[in-house]
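A quick write-up on the structure given underneath.
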Amino acid sequence: MILLPVPRQVEEKDGALMLGMDTMIVMESGCPQGAYTYAKQLAGEAKVYGGLSLEIGRGNWQEGDILLGMDASLRKQQYTLKITQEGACLRGGSLQALGYAVQTLRQILRQYGGLLPCVEIVDEPDLPDRGFYHDATRGRVQTLDNLKRLADTLCFYKMNQLQLYVEHTHLYRNLTELWRDDTPLTAAEILELDQYCYDRGIELVPSIATFGHLYKLLSSRSCEQLCELPDSTGKAFSFKDRMDHHTVNVSNPDAMALIKDMIQEYMDLFRTDKFNICADETFDLGKGRSAAMAGEKGTGVLYLEYVKGLFDFLIERGKVPMFWGDIISGHPELYEQIPEQVLCLTWGYSENQSDREAKILYEAGARQYLCPGTRGWNTWLNMMWGSYENVRKMCSYARQYKAVGVLNTDWGDFGHINHPLFSIPGLIYGAVFSWGEKVPDYEELSRQISVLEFGDTSGRLVDFWDQVNRQTAFSWHHAVILKEWATQGVDQEQIRKLYEEEDMSKVPERNGRLEELEVELRRISRSLDTRARGLVQPTHVSIEMVLLWNEVGAQLPHLGEQDRRQQRLALASRLERCLHHYQELWRANSKEGDLGKITDVFCWYADVLRKA
């Protein structure tokens, strides 16, 4: 029996409960109205995986039924599940906990259909807050339908918080320059998603950039004077520049006023009492228009004064502020001035991640979330093993340093090129590790995810994706920077050094392995539930992307060599053909977002290959 996250107490019994035409899903009379959403989830699972249509009712329970109820003796997130030959009983200490019991039964239904094994489960999480953080700005703005599917996945694995990272991809009513050439999320979409998440026990928390990472806002004609560095307008788009610059000029009081207006407009769309102001990677602080203030006070104090102004603004409105801890961890002596309500988001994404920042902030008195990552940014397929190790370490630090929760991040960086599908294993790693300490090793957990989430009876899919990622020789990160440096007139020696960070001698071996993996994908597809076979196309396209970009990297030192010209012409066409299929996949689950900017990178390299 695969159950994710792994329950604290599981006692399997002899016998089985057979569901039939008379089986009902019954909510006790004292059940909150919200239990109906969970009852429908159970009925849907029984229909798809058991082939049975179960009626939903309230009040009267009979032998053979599935009973949903509350139990005041249980803790807030604790639940019990008991399946006997006479019926199934699910109880929670709250509506949310009852939902967790339902997810466990859904997972059992998914594996056993209409003949459920007898079992008794008592379970609750270690950490109260277990969230997922999706970058909805730098590349991929998913459609509302796809964001709802994301919420369904979070619910299924008992996660209870979702944040969407926004810089410019919300349609602020009076900031038309911010989103005029983009595809932002609207107020109506946020309101609908908030309700959808609430109905599934998920807290949708607003998260917007308010200090650094404000490329679109601070390069607009209306707001350029609020940017720390002058001359922020009129420049050609750059993925790297968007990441590295555009910090608020704290010496201009109009900046604080504008940011507060943006926070107020956005917060009103959410029912939560939390608000994440981000405030990370303020690389330019004190280096431009606020240099004089920085010289007088120091950049640490400048940072603190600005974020504290936003904290106070939020606290006055009954909100719990959240912010990324990378800057304040360098100034722990200042943390005592931060209000005690504030939640500090301590991040680190390496598979060898140390506990340095978590320990510093713990000793400074911070209330923390620990924030690992799905390791999908700048890759066509996520680094599964790297994510597993990173999440494992960060969740252990969360327990060691008494964190309030875990927020597992899915960043976009240079365009969010990876398909959303490939972040799901990392999402589940976060759900499993943040729930409890009973966690299978990488191979076994990846096998279980392959079976439970993707219907892959071979159990190989998740590690297969990791094997594809490992064949990367010429990365998207380097491809983008090389293109931008070449068009910006960066010194050729710098470009050469950057290129040499990648080892092109490995391309023949790795591309040979990718060709083998293409064959293996077709074999795995035979083991997939027919409902899951739609994942074959995005996997196939992503394998082709890794292979083609490896070939591009291998061709770059040989531009101008006539005996390779036909290879280069053929490669340009293959890049464009693969791009076409990639665009179709993108538009099936996301708004246009940065797709045009990604396309520009492909076209630039195709042109270079043809001109040489």
Side-chain angles (χ1 to χ4, degrees), residues 137-138 165-182 184 206-235 237-238 241-268 275-317 319 321-328 330-331 334 337-339 342:
T137 280
R138 291 181 295 206
Y165 174 59
V166 167
E167 292 173 13
H168 57 272
T169 47
H170 170 62
L171 198 151
Y172 287 96
R173 190 169 186 180
N174 296 318
L175 290 173
T176 54
E177 266 186 288
L178 192 63
W179 45 258
R180 65 185 182 185
D181 59 347
D182 218 300
S207 173
I208 63 171
T210 61
F211 202 168
H213 290 306
L214 283 168
Y215 166 77
K216 287 292 288 290
L217 181 72
L218 298 179
S219 62
S220 69
R221 296 293 179 187
S222 300
C223 300
E224 60 180 319
Q225 73 281 3
L226 305 181
C227 188
E228 173 69 13
L229 298 183
D231 303 319
S232 60
T233 61
K235 297 178 180 178
F237 172 79
S238 161
D241 182 62
R242 178 171 71 179
M243 295 284 293
D244 291 350
H245 299 294
H246 305 92
T247 296
V248 163
N249 170 21
V250 297
S251 67
N252 188 331
D254 291 342
M256 176 70 78
L258 174 62
I259 295 298
K260 286 180 178 179
D261 286 345
M262 293 172 67
I263 289 174
Q264 185 66 62
E265 179 178 343
Y266 199 53
M267 77 162 65
D268 288 342
F275 196 104
N276 183 1
I277 66 167
C278 294
D280 58 319
E281 297 186 334
T282 51
F283 300 127
D284 296 332
L285 181 62
K287 296 179 179 178
R289 288 168 166 147
S290 68
M293 288 180 64
E296 177 186 343
K297 299 181 177 182
T299 55
V301 172
L302 284 193
Y303 179 86
L304 178 67
E305 289 179 346
Y306 181 82
V307 296
K308 193 171 181 303
L310 297 182
F311 294 157
D312 293 344
F313 175 80
L314 288 163
I315 291 168
E316 288 168 5
R317 286 153 181 79
K319 300 297 181 181
M322 309 173 85
F323 77 120
W324 297 108
D326 54 307
I327 305 300
I328 201 66
H331 304 276
L334 300 176
Q337 300 180 52
I338 291 178
V342 173

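Starting from 1, each residue takes its place in the sequence as its number.
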Open item on the list: Restricting to non-hydrogen atoms, name the atom on Val248 and the atom on Ala255 that form the minimum distance, rounded to 0.1 Å.
Closed with: CG1-CB, 3.5 Å
Open item on the list: What I want to check is whether the side chains of Thr169 and Thr137 have a donor and an acceptor closer together than 3.5 Å.
Closed with: yes
Task: Under 3.5 Å: donor-acceptor pair, side chain of His213, backbone of Met243 - done: yes
TODO: Kindly compute the distance separating CZ (Arg242) from OG (Ser219), expressed to the nearest 0.5 Å.
DONE: 10.5 Å
Restricting to salt bridge (charged side-chain N to carboxylate O under 4.0 Å, His left out), what partner residues turn up for [X], sequence neighbours left out?
X	answer
Lys297	Glu305
Asp244	Lys240
Asp181	Lys216
Asp254	none

Could you check if a side-chain atom of [X] sits within less than 4.5 angstrom of a side-chain atom of [Y], using non-hydrogen atoms only?
X	Y	result
Cys223	Leu217	yes
Gln337	Leu304	yes
Ile277	Val307	yes
Tyr165	Asn276	no
Ile328	Ile338	yes
Pro339	Ile315	yes
Leu214	Ile259	yes

Could you pull out all residues at least two apart from [X] that satisfy side-chain hydrogen bond (donor to acceptor under 3.5 Å, both in side chains)?
X	answer
Glu177	Ser222
Arg289	none
Asp182	His168
Arg317	Gln264

- [ ] Give a yes or no on this: more than 12 heavy atoms of other residues, nucleotides or ligands lie within 6.0 Å of atom NZ of Lys308.
- [x] no
Task: Sequence neighbours excluded, every pair satisfying ring pair (Phe, Tyr, Trp, His ring centres under 6.0 Å) that has a member inside residues 243-263 - done: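 Qualifying pairs: Tyr215-His246.
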TODO: Provide the full list of salt bridge (charged side-chain N to carboxylate O under 4.0 Å, His left out) pairs with a residue in residues 220-235, sequence neighbours left out, each pair given once.
DONE: none
Task: Results of ring pair (Phe, Tyr, Trp, His ring centres under 6.0 Å) for Tyr172 - residues two or more places apart only - done: His170
TODO: For Phe275, enumerate each residue passing the ring pair (Phe, Tyr, Trp, His ring centres under 6.0 Å) test, keeping only those at least two apart in sequence or located in another chain.
DONE: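 Testing Phe275 for ring pair (Phe, Tyr, Trp, His ring centres under 6.0 Å), a comparison that skips the adjacent residues, returns none.
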TODO: List the steps, then state whether ring-ring contact (aromatic ring centres under 6.0 Å, His included) holds for Phe323 with Phe211.
DONE: CA-CA 11 Å; Phe323 77 120; Phe211 202 168; over 10 Å; no
